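For reference, the structure discussed in these notes is given below.
Every chain is numbered from 1 and lettered A, B, ... according to where its sequence line falls, protein lines coming before strand lines. No experiment lies behind these values; they were computed from the predicted model shown.
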2 protein chains.
Amino acid sequence: MKRSLEHIEYKEDTEALAKFAKALSHPTRIAILKHLENQSCCFTGDLVDVFPLAQSTVSQHLKELKNAGLIQGELKPPKIKYCINQENWNIAKSLFQQFFD
Amino acid sequence: MKRSLEHIEYKEDTEALAKFAKALSHPTRIAILKHLENQSCCFTGDLVDVFPLAQSTVSQHLKELKNAGLIQGELKPPKIKYCINQENWNIAKSLFQQFFD
DNA sequence: AAAACCAATCGTATATTTGCGATAAAAAAT
DNA sequence: ATTTTTTATCGCAAATATACGATTGGTTTT
């Protein structure tokens with residue numbers, strides 16, 4: 001990508017909102033989050049059964065949700081239990097609320 | 001991209017939410033929408049002055065926002081006046097509200 | 001009719017995203 | 001100690017996104 005010489009600096013809220021939106025920009029990730037909201041928590045393997053996707057692909061989506069801060073993984077060897085990260089979830093919620101008035 | 005043989009079908013709301021989120025997934029587009037919320041409307045040229053981006057790049061972002069249905073352009077020759085598409089804006093708003101509980 | 005203005009589109013380059021299979025790592029079960 | 005289970009990561013391929021300059025198309029002004 002031919003980039004602008006200087007990186008554009010946006011307000012912190014703008015950047016944060018865009019980052020959360022990006023995490024939500026794929027239907028699989030929306031579906032994963034909806035699933036987590038219902039189940040409260042789940043394991044990677046559960047999701048692999050729910051979605052017709054390779055294990056590595058599901059893992060990749062979980063990683064992005066984790067990077068965005070929307071979920072967190074708790075080690076329950078040999079599994080990993082994923083839950084909504086309530087703190088950041090609330091931050092995202094209020095950013096979107098604020099944005100839409 | 002090596003795709004699954006059959007395209008995954010998600011619920012309509014899930015697809016719609018992901019589509020809106022995608023439109024919001026770039027800080028420039030967030031900033032454009034915030035600008036439109038303040039000004040109620042504006043012209044492409046105004047935005048080119050506000051953002052340190054090429055005219056074609058701004059136009060590209062406007063196109064994506066238009067495709068997502070979040071804005072609409074009204075011909076005011078020789079300019080084009082862009083406004084929030086209030087109907088779809090409200091749909092997006094309620095989808096995000098619903099999603100975050 | 002010609003020149004000027006505004007915005008979309010085209011063509012191109014590069015970066016990022018998405019997806020898969022294969023492999024690795026870490027713990028549990030045998 | 002070996003095997004099994006579970007999940008992350010690597011390497012690759014293809015699609016999509018981002019950005020720019022140049023060009024095009026439409027309208028207004030001269």
Side-chain angles (χ1 to χ4, degrees), chain A residues 1-10 14-15 18-32 36 41-68 71-83, chain B residues 1-10 14-15 18-32 35-36 41-68 70-83:
Chain A
M1 185 175 14
K2 233 183 296 174
R3 288 205 151 287
S4 300
L5 293 179
E6 60 229 286
H7 176 249
I8 303 178
E9 284 295 337
Y10 293 95
T14 298
E15 299 271 12
K19 202 180 120 206
F20 283 127
K22 193 171 211 167
L24 301 179
S25 72
H26 195 289
T28 297
R29 291 196 288 272
I30 298 277
I32 288 174
L36 283 179
C41 283
C42 76
F43 303 102
T44 306
D46 301 347
L47 297 170
V48 174
D49 294 339
V50 172
F51 300 102
L53 292 167
Q55 180 267 320
S56 60
T57 303
V58 172
S59 196
Q60 176 80 3
H61 283 304
L62 288 170
K63 188 186 179 183
E64 281 177 48
L65 290 172
K66 202 166 55 180
N67 284 344
I71 64 172
Q72 63 196 47
E74 190 191 342
L75 268 108
K76 290 277 181 181
K79 301 188 179 185
I80 295 175
K81 194 171 75 171
Y82 280 107
C83 307
Chain B
M1 184 177 14
K2 234 182 295 175
R3 289 205 150 287
S4 300
L5 292 179
E6 59 230 286
H7 176 249
I8 304 178
E9 285 296 335
Y10 293 96
T14 298
E15 299 271 11
K19 201 180 120 205
F20 283 128
K22 194 172 211 166
L24 302 178
S25 72
H26 195 289
T28 296
R29 291 196 288 272
I30 298 277
I32 288 174
H35 191 78
L36 284 180
C41 283
C42 75
F43 302 102
T44 306
D46 302 347
L47 297 171
V48 175
D49 295 338
V50 172
F51 300 104
L53 292 168
Q55 181 267 321
S56 59
T57 303
V58 171
S59 197
Q60 176 80 4
H61 282 304
L62 288 171
K63 187 185 179 184
E64 281 178 47
L65 289 173
K66 204 166 53 182
N67 285 344
L70 289 172
I71 65 171
Q72 63 196 49
E74 190 189 343
L75 267 108
K76 290 276 182 182
K79 300 189 180 185
I80 295 174
K81 194 171 75 169
Y82 280 107
C83 306

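Listed by chain and residue number, A/Lys34 satisfy the side-chain hydrogen bond (donor to acceptor under 3.5 Å, both in side chains) test with B/Thr14 (two or more places apart in sequence, or in another chain). Here B/Asp46 pairs with B/Cys42, B/Phe43 under the side chain to side chain contact (heavy atoms under 4.5 Å, CB included) rule; sequence neighbours left out. Every residue two or more places apart in sequence or in another chain that forms a side chain to side chain contact (heavy atoms under 4.5 Å, CB included) with A/Gln72 is listed here: A/Asn85. Applying the side chain to side chain contact (heavy atoms under 4.5 Å, CB included) test to B/His26 and every residue at least two apart in sequence or in another chain returns B/Thr28, B/Arg29, B/His61. By the side-chain hydrogen bond (donor to acceptor under 3.5 Å, both in side chains) test, A/Gln60 pairs with no residue at all, sequence neighbours left out.
Heavy atoms only, all atoms of each residue included: B/Ala23 and B/Ala68 are closest at CB-CB, 3.5 Å.
Residue A/His61 has no polar side-chain atom (N or O) positioned under 4.0 Å from OP1 or OP2 of C/dT17.
Between B/Leu53 and A/Ile8, the closest side-chain pair of non-hydrogen atoms falls below 4.5 Å.
We find that CG of B/Leu53 is positioned 10 Å from C1' of D/dT18, with the value rounded to whole Å. Nucleotide C/dT18 holds its P atom 12 Å from the CD1 atom of B/Ile8, rounded to whole Å. One atom, CD of B/Gln72, and another, P of C/dA7, lie 17 Å apart when rounded to the nearest Å. In this entry the distance linking CZ of A/Arg29 with P of C/dT16 reads 15 Å, nearest Å. One atom, CD of B/Glu74, and another, P of C/dC6, lie 18 Å apart when rounded to the nearest Å. Here the P atom of nucleotide C/dT17 and the NZ atom of B/Lys22 are 11 Å apart, to the nearest Å. Rounding to whole angstrom units, CZ of residue A/Phe51 and P of C/dG19 are separated by 11 Å. Distance, B/Lys19 NZ to D/dT16 P: 16 Å, rounded to whole Å.
Side chain of A/Ser25 to main chain of A/Lys22: a donor-acceptor pair is present (N/O by atom type, distance under 3.5 Å, no hydrogens or angles).
Secondary-structure annotation of DNA chain C gives the stems C:1-30 with D:1-30, with a stem taken as at least 3 successive Watson-Crick or G-U pairs whose two distances both fall under 3.5 Å.
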*Any chance you could list the contact pattern along nucleotides 2-9 of chain D? Use B for base contacts, S for sugar-phosphate-only contacts and - for none, protein heavy atoms under 4.0 Å, 5' to 3'.*
----SBBB

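Separation of atoms CD1 (A/Ile80) and OG1 (A/Thr44) is listed at 6.0 Å; rounding is to 0.5 Å.
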